Asker: 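Here it is: the structure, laid out below.
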Amino acid sequence: MRPALELAGFLSVFLVRRILRQGVLRSLLFRWALGLTMVLAFVAFCAFGVVTIRQLIDDPALLSPLMRVAGVSVPLWVLAIFTVVRVMFMKSSDLVELTFSFPLTNRARTLGFMLFEALLVGVGVSLMLAALIAGTLSIGGVGILGDVVTCLVMPTVVAYLLASVYHLALERLLMRFRLARLRAFLVPLALAATLVALYFGVSAQSEPVLFAAAGRGDDYFAIQLVFADIAATHGLIVATAAWLAVVALLVVAVCATAPRQFDPTRRFALIPRLLGGTEFGAYFAAHARAIETITVSGIVLAGSYALFVADVRLPPFLLIAVTIQAVYAYVSTEPLRACGPRRHSPIGRYLLLLGPQLAMLFLIALPTGVLSALTGARWDEILLVVGFCASNVVVLTLAGIAFPPEKGNPFSVVVGVAVAALVTGTLAIGTNLLGLPDWFNVATIVLLTLAAAALSLTGMQKIERTQRHEVVV
């Protein structure tokens, strides 16, 4: 077990040190300011959960049904965060390949990665459920901890291990059919399809579980709540023993399913040059031919079609996934900017960086918007979502400039994405809570976009001056 712990510690130290040495995070003052801001935002998020749940629930007896309903959706949150973490690991193939040169057994390497990955998934799930747990504890006190453990904590661990076994089985299957080089495309696609299926399954379970827990319907068995049912019938000690036995079996399954060798991943696809040999076409191809871009675009189109078939009336919120690649836009196009003389002004170079991303967004937005309109979504809602996604591209491009992702270490974008989500999410939640008119929300998005574009231009100029040794950093 010690080699596995050492590998997990190495990965954790590597992640933290590399993140804290990128872009503006090299400034100690900025790191402290950013850390304090995130802590305050987390405290405010928990306080919001306390206020909201206290307004909705005044009887502690209703907390148990609330925990059961929340426990039903835990596998969905775990799989969503697991998919994000797993995609990051696929983009960090250099780091994964490095560990195969360490003096470790396959079992120790698998356990080390599992511990590190479980830590990331656990932090993500905790952040998602922190407001709910804080509000529940504020009403039920220590007495509700048993329900929190059996309905949230235990299902989270088991769901992560099941997701890990599922993913490793996919990897072994692809290696069996000699498709391992395409796993950066096929594995996220399979995980996303599973996520959609799980969403519909959880949606169908929530109402029966709520009515059964409140005593207003027939008993309903949900596999996610099996440990809560055991605790209610036989006590928490028996439930804990059963949980430990299941965890042990799943850990053995993870070690048995893990691949025994490393196969490199194909990172780019062959696509036709739609815009010919123009400079804009080269930038567009650099963005569009990345396996991640093609994968996300395929997932968004397939998800939109699935929602259309299921007749779910929603604006095209899935388009937000297309904007995530904007974080890598500045770094991935560095070779193009280094080719030949500098012929463009700073604004021209920024438009060459931003234009292909917006073009790709609008190419995907056209069919997804039509599918949303056919399900009954209003065009003003669709255009508002598309406008928000365009603004998100600008903001995440700024995140990729201020916190440039390191080659082979995509985890270095975590802080940039977190900061962008913090700013955008705070503004969105604030305007919704205050009930401000739509024109004010649109004006807020426009101002945020313009500010992000101006800061991106400034950041690009500073990086270029530093590369020409005109600035001392």
Side-chain angles (χ1 to χ4, degrees), residues 73 76-77 79-80 83-84 87 185-186 188-208 269 271-272 274-275 284 287-326 354-396 421 424-425 428-429 431-432 435-446 449:
S73 63
L76 183 66
W77 293 113
L79 184 59
T83 301
V84 174
V87 168
F185 171 73
L186 296 176
L189 206 61
L191 291 176
T194 307
L195 193 62
V196 172
L198 188 60
Y199 168 77
F200 287 112
V202 168
S203 300
Q205 286 181 316
S206 298
E207 186 174 335
I271 62 172
L274 302 177
L275 301 175
F284 180 82
H287 176 68
R289 67 192 291 262
I291 287 290
E292 293 83 8
T293 302
I294 297 174
T295 303
V296 171
S297 301
I299 291 173
V300 170
L301 291 173
S304 299
Y305 181 73
L307 292 175
F308 168 72
V309 172
D311 197 23
V312 178
R313 182 190 176 278
L314 275 178
F317 290 120
L318 291 177
L319 280 175
I320 297 176
V322 179
T323 66
I324 300 299
Q325 279 296 109
L354 192 65
Q357 302 178 70
L358 295 178
M360 190 71 184
L361 173 65
F362 292 138
L363 282 176
I364 304 300
L366 183 60
T368 55
V370 171
L371 289 174
S372 295
L374 292 177
T375 60
R378 300 197 313 270
W379 278 107
D380 58 336
E381 296 176 338
I382 296 173
L383 292 176
L384 185 62
V385 171
V386 174
F388 174 79
C389 290
S391 172
N392 209 36
V393 167
V394 179
V395 173
L396 289 178
T424 307
I429 293 174
T431 52
N432 285 330
L436 298 174
D438 291 339
W439 66 265
F440 185 86
N441 296 337
V442 173
T444 302
I445 293 176
V446 170
T449 305

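All figures in this text were calculated on a predicted structure; none of them were measured in a lab.
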Asker: Using a 3.5 Å cut-off and no angle test, enumerate the donor-acceptor pairs between side-chain atoms of residues 356-363 and protein atoms at least two apart in sequence or in another chain.
Answerer:
unit_1 : atom_1 : unit_2 : atom_2 : d
Gln357 : NE2    : Leu353 : O      : 2.9
Gln357 : NE2    : Thr397 : OG1    : 3.4

Asker: What pairs with Thr323 under side chain to side chain donor-acceptor pair (under 3.5 Å), at least two apart in sequence or on another chain?
Answerer: Asn392
Asker: Just distance, no hydrogens or angles: give the donor-acceptor pairs under 3.5 Å from side chains in residues 364-374, sequence neighbours left out.
Answerer:
unit_1 : atom_1 : unit_2 : atom_2 : d
Thr368 : OG1    : Ile364 : O      : 2.9
Thr368 : OG1    : Ala365 : O      : 3.1
Ser372 : OG     : Leu314 : O      : 3.3
Ser372 : OG     : Thr368 : O      : 3.1

Asker: Just grab all the salt bridge (charged side-chain N to carboxylate O under 4.0 Å, His left out) pairs involving residues 298-307, residues at least two apart or on different chains.
Answerer: none
Asker: Going by the rule side chain to side chain donor-acceptor pair (under 3.5 Å), which residues pair with Thr449 if we only count those two or more places apart in sequence or in a different chain?
Answerer: Ser391
Asker: Please name the pair of heavy atoms, one in Gly303 and one in Leu318, separated by the smallest distance, quoted to 0.1 Å.
Answerer: C-CD1, 3.6 Å
Asker: Roughly how far, to the nearest 0.5 Å, is the CG atom of Leu383 from the CZ atom of Phe388?
Answerer: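 Separation between the atoms: 15.0 Å.
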Asker: According to the side-chain hydrogen bond (donor to acceptor under 3.5 Å, both in side chains) rule, which pairs have a member within residues 191-200, sequence neighbours left out?
Answerer: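 Non-adjacent pairs meeting side-chain hydrogen bond (donor to acceptor under 3.5 Å, both in side chains): Tyr166-Thr194.
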Asker: Might you point out which heavy atoms bring Leu195 and Ala80 nearest each other, and give the distance in Å?
Answerer: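 It is CD1-N, 3.7 Å.
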Asker: Give a yes or no on whether Tyr305 atom OH has more than 12 heavy-atom contacts from other residues, nucleotides or ligands under 6.0 Å away.
Answerer: no
Asker: Could you note down all residue pairs passing salt bridge (charged side-chain N to carboxylate O under 4.0 Å, His left out) where residues 361-378 supplies at least one of them, sequence neighbours left out?
Answerer: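 Residue pairs with at least one partner in residues 361-378: Arg378-Asp380, Arg378-Glu381.
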Asker: For Leu198, give me all partners under side chain to side chain contact (heavy atoms under 4.5 Å, CB included), at least two apart in sequence or on another chain.
Answerer: Pro75, Leu76, Leu79, Val202
